[in-house]
Every structure is written in structure tokens, then in C-alpha cells.
**Q** 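Quick one: structure below, then a few questions.
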Amino acid sequence: MLIADKRDYRRGYEKHYQSYKRLKSQNADINSRRLLLVYSVECGLKYKLLDKWNEENPLKILEGSDEKKINILKSHNLERILKELGQQGNFKFPRLKTVHQNIVDAEAYHQLYRYCINTQEKQLGKEEKIEDSLNDIACWIKEGMRRR
């Protein structure tokens, strides 16, 4: 596992989000832009976690004994991270079903878009809602960063 510090998470959030917005404005590369958005949000949320925990270097957490913090920091589960940040239920994440019959939740969105897996036909509206929710989270993260 690579270690990213608070500054890295912030930079990852900002760069991925800017790229996402550029692709969105061009209505281009849906899977790639959504993947960038998922990773942007994950980076931003991990930045906020470290901020909440008053920690610049996550290595201190990862080498520590607080299993809850370790598991959250290692997680891709956006809902779990949001819960730790006191935002549980403020953002909606519909579950999707792929053409392979797999259920996709907030922890697996990055895999769905990374591998360009198609969802079942009637899932397009849900995918748009996910993108909207992720964008709302990205805006919430940005607001929190502005205050710092």
C-alpha cells in the first residue's frame, strides 16, 4: 500500500476534480470522467478524515492500534467514510446491477468505471444520480477546503 499524506489527498482531489469538470463540460468519456470523480471524492474525503483526526501523516494511523481508523482509511467505501465525517444519509448512493448480475454499491463504483462494466439497461438514471451525488460531495469538500 502506498502512503499518501494530507497534502497528497488534497492535490489528488483537486486535480481529479478539475479533470472531471473538463470532461463533463465536453460531455466526453463518461466512464473516465466518473472514475475521476469517484477518485477525486475519495481523496477529498480522506483529506477531511485526516483533518478531523488532526493528522498530517496517515502512517501514524496505519501503524497505530485504532483498527476503526485504519480500516476506514484503507477503505474505498464512500458511505463508511462519510459516516465517520458525520455525513451519513446526506448523500444518496443507489445500488446498480451490472450486465453480469453483480450488485454495485458505493464501495465498488471505482471498479465499475475503471473496468468500463456496463450496467443493466434501466440503470442509466441511477448512474446519473450517483454522478450527481458524487459531484455534490465534491462541492461539499471544496467548501470545507476554502475555509482552511
Side-chain angles (χ1 to χ4, degrees), residues 1-6 8-53 55 58-59 61-145:
M1 177 180 175
L2 293 177
I3 300 298
D5 65 17
K6 192 173 168 186
D8 296 324
Y9 284 131
R10 182 179 181 130
R11 188 173 40 250
Y13 159 79
E14 290 170 342
K15 291 196 176 282
H16 293 320
Y17 192 52
Q18 289 303 315
S19 296
Y20 162 77
K21 289 194 298 187
R22 188 172 49 254
L23 289 174
K24 175 80 171 167
S25 73
Q26 298 167 357
N27 198 26
D29 303 312
I30 289 173
N31 281 311
S32 296
R33 83 173 189 228
R34 287 177 176 164
L35 178 64
L36 285 167
L37 182 58
V38 168
Y39 281 133
S40 170
V41 165
E42 184 178 329
C43 288
L45 291 175
K46 289 183 178 182
Y47 168 90
K48 289 186 76 65
L49 277 177
L50 291 177
D51 198 50
K52 175 184 175 181
W53 296 335
E55 189 58 66
L59 198 54
I61 293 167
L62 296 171
E63 291 177 342
S65 60
D66 189 333
E67 287 297 320
K68 181 182 175 193
K69 285 183 179 180
I70 292 168
N71 291 333
I72 291 170
L73 196 56
K74 286 183 171 183
S75 177
H76 293 285
N77 189 328
L78 304 177
E79 289 176 310
R80 185 173 184 195
I81 299 169
L82 284 163
K83 180 180 178 181
E84 176 68 15
L85 293 169
Q87 295 297 310
Q88 183 177 19
N90 290 342
F91 303 99
K92 304 296 179 207
F93 294 103
R95 289 177 174 233
L96 301 172
K97 197 168 194 179
T98 71
V99 294
H100 308 295
Q101 306 301 317
N102 298 116
I103 301 296
V104 182
D105 60 14
E107 187 170 14
Y109 291 154
H110 70 287
Q111 293 178 63
L112 177 75
Y113 298 123
R114 181 171 66 216
Y115 301 130
C116 299
I117 300 169
N118 289 322
T119 57
Q120 292 183 354
E121 270 185 48
K122 297 179 182 179
Q123 304 286 297
L124 294 178
K126 286 183 178 180
E127 285 192 77
E128 288 172 5
K129 285 180 184 174
I130 290 166
E131 186 172 359
D132 290 343
S133 288
L134 290 169
N135 192 52
D136 290 345
I137 295 167
C139 291
W140 172 74
I141 292 167
K142 187 175 186 176
E143 282 301 312
M145 287 181 177

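Position 1 is the first residue of the sequence, and the numbers go up from there. Just so you know, these numbers use all the heavy atoms, side chains as well, and skip hydrogens, waters and symmetry mates.
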**Q** Side chains of Leu85 and Leu45: does their closest heavy-atom pair fall under 4.5 Å?
**A**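 A side-chain contact exists here, since the closest heavy-atom pair is under 4.5 Å.
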**Q** According to ring-ring contact (aromatic ring centres under 6.0 Å, His included), who are the partners of Tyr13, at least two apart in sequence or on a separate chain?
**A**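 Applying ring-ring contact (aromatic ring centres under 6.0 Å, His included) to Tyr13 gives Tyr17.
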**Q** Taking the side chain as every heavy atom from C-beta outward, state whether Gln120 and Gln101 have any pair of such atoms under 4.5 Å apart.
**A**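 A side-chain contact exists here, since the closest heavy-atom pair is under 4.5 Å.
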**Q** Which residues pass the side-chain hydrogen bond (donor to acceptor under 3.5 Å, both in side chains) test with Tyr20, sequence neighbours left out?
**A**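 Only Glu131 meet the side-chain hydrogen bond (donor to acceptor under 3.5 Å, both in side chains) criterion with Tyr20.
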**Q** Would you indicate whether the side-chain heavy atoms of Leu134 and Leu78 approach each other to under 4.5 Å?
**A**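 Leu78 reaches Leu134 side chain to side chain.
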**Q** Within a radius of less than 6.0 Å around NZ of Lys52, do more than 12 heavy atoms belonging to other residues, nucleotides or ligands occur?
**A**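 It does: Lys52 NZ has more than 12 such atoms within range.
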**Q** My understanding is that only residues two or more places apart in sequence, or in another chain, count here; which of them pass salt bridge (Lys or Arg N to Asp or Glu O under 4.0 Å) with Asp136?
**A**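 Not a single residue meets the salt bridge (Lys or Arg N to Asp or Glu O under 4.0 Å) criterion with Asp136.
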**Q** Looking at residues at least two apart in the chain, or sitting in another chain, which of them share a side-chain hydrogen bond (donor to acceptor under 3.5 Å, both in side chains) with Lys46?
**A**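 side-chain hydrogen bond (donor to acceptor under 3.5 Å, both in side chains) list for Lys46, sorted by chain: Glu42.
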**Q** Once ring-ring contact (aromatic ring centres under 6.0 Å, His included) is applied, do any residues pair with His16, and if so which ones, sequence neighbours excluded?
**A**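 None.
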**Q** Can you list everything that forms a side-chain hydrogen bond (donor to acceptor under 3.5 Å, both in side chains) with Asp132? Sequence neighbours excluded, please.
**A**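 With sequence neighbours excluded, Asp132 shows a side-chain hydrogen bond (donor to acceptor under 3.5 Å, both in side chains) to no residue whatsoever.
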**Q** Who are the side-chain hydrogen bond (donor to acceptor under 3.5 Å, both in side chains) partners of Tyr9, not counting sequence neighbours?
**A**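 If we apply the side-chain hydrogen bond (donor to acceptor under 3.5 Å, both in side chains) test to Tyr9, skipping adjacent residues, there are no hits.
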**Q** Can you list every pair that meets side chain to side chain donor-acceptor pair (under 3.5 Å) and has a residue in residues 64-73, with sequence neighbours left out?
**A**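 Counting only pairs at least two positions apart or across chains, the side chain to side chain donor-acceptor pair (under 3.5 Å) contacts touching residues 64-73 are Lys68-Glu84.
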**Q** Mind checking salt bridge (Lys or Arg N to Asp or Glu O under 4.0 Å) for Asp29 and listing every partner two or more places apart, or none if nothing turns up?
**A**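 Residues passing salt bridge (Lys or Arg N to Asp or Glu O under 4.0 Å) with Asp29: none at all.
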**Q** Looking at side-chain heavy atoms only, is the closest gap between Leu82 and Gln88 below 4.5 Å?
**A**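 SC-SC contact between Leu82 and Gln88 ruled out.
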**Q** side-chain contact (heavy atoms from CB on, under 4.5 Å) with Ile3: which residues, sequence neighbours excluded?
**A**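 Partners of Ile3 under the side-chain contact (heavy atoms from CB on, under 4.5 Å) test: Asn57, Pro58, Leu59, Leu62.
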**Q** Taking the side chain from Ser133 and the backbone from Lys92, do they hold a donor-acceptor pair closer than 3.5 Å?
**A**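 Pair found, side chain donor or acceptor close to backbone of Lys92.
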**Q** Any side-chain donor-acceptor pair under 3.5 Å between Glu127 and Tyr113?
**A**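 There is such a pair between these side chains.
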**Q** Give every residue pair that meets the salt bridge (Lys or Arg N to Asp or Glu O under 4.0 Å) criterion with at least one member in residues 99-123, sequence neighbours excluded.
**A**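 Passing the test, one end in residues 99-123: no pairs.
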**Q** Under the ring-ring contact (aromatic ring centres under 6.0 Å, His included) rule, collect the residues that match up with Phe91, sequence neighbours excluded.
**A**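 So Phe91 forms no ring-ring contact (aromatic ring centres under 6.0 Å, His included) with any residue.
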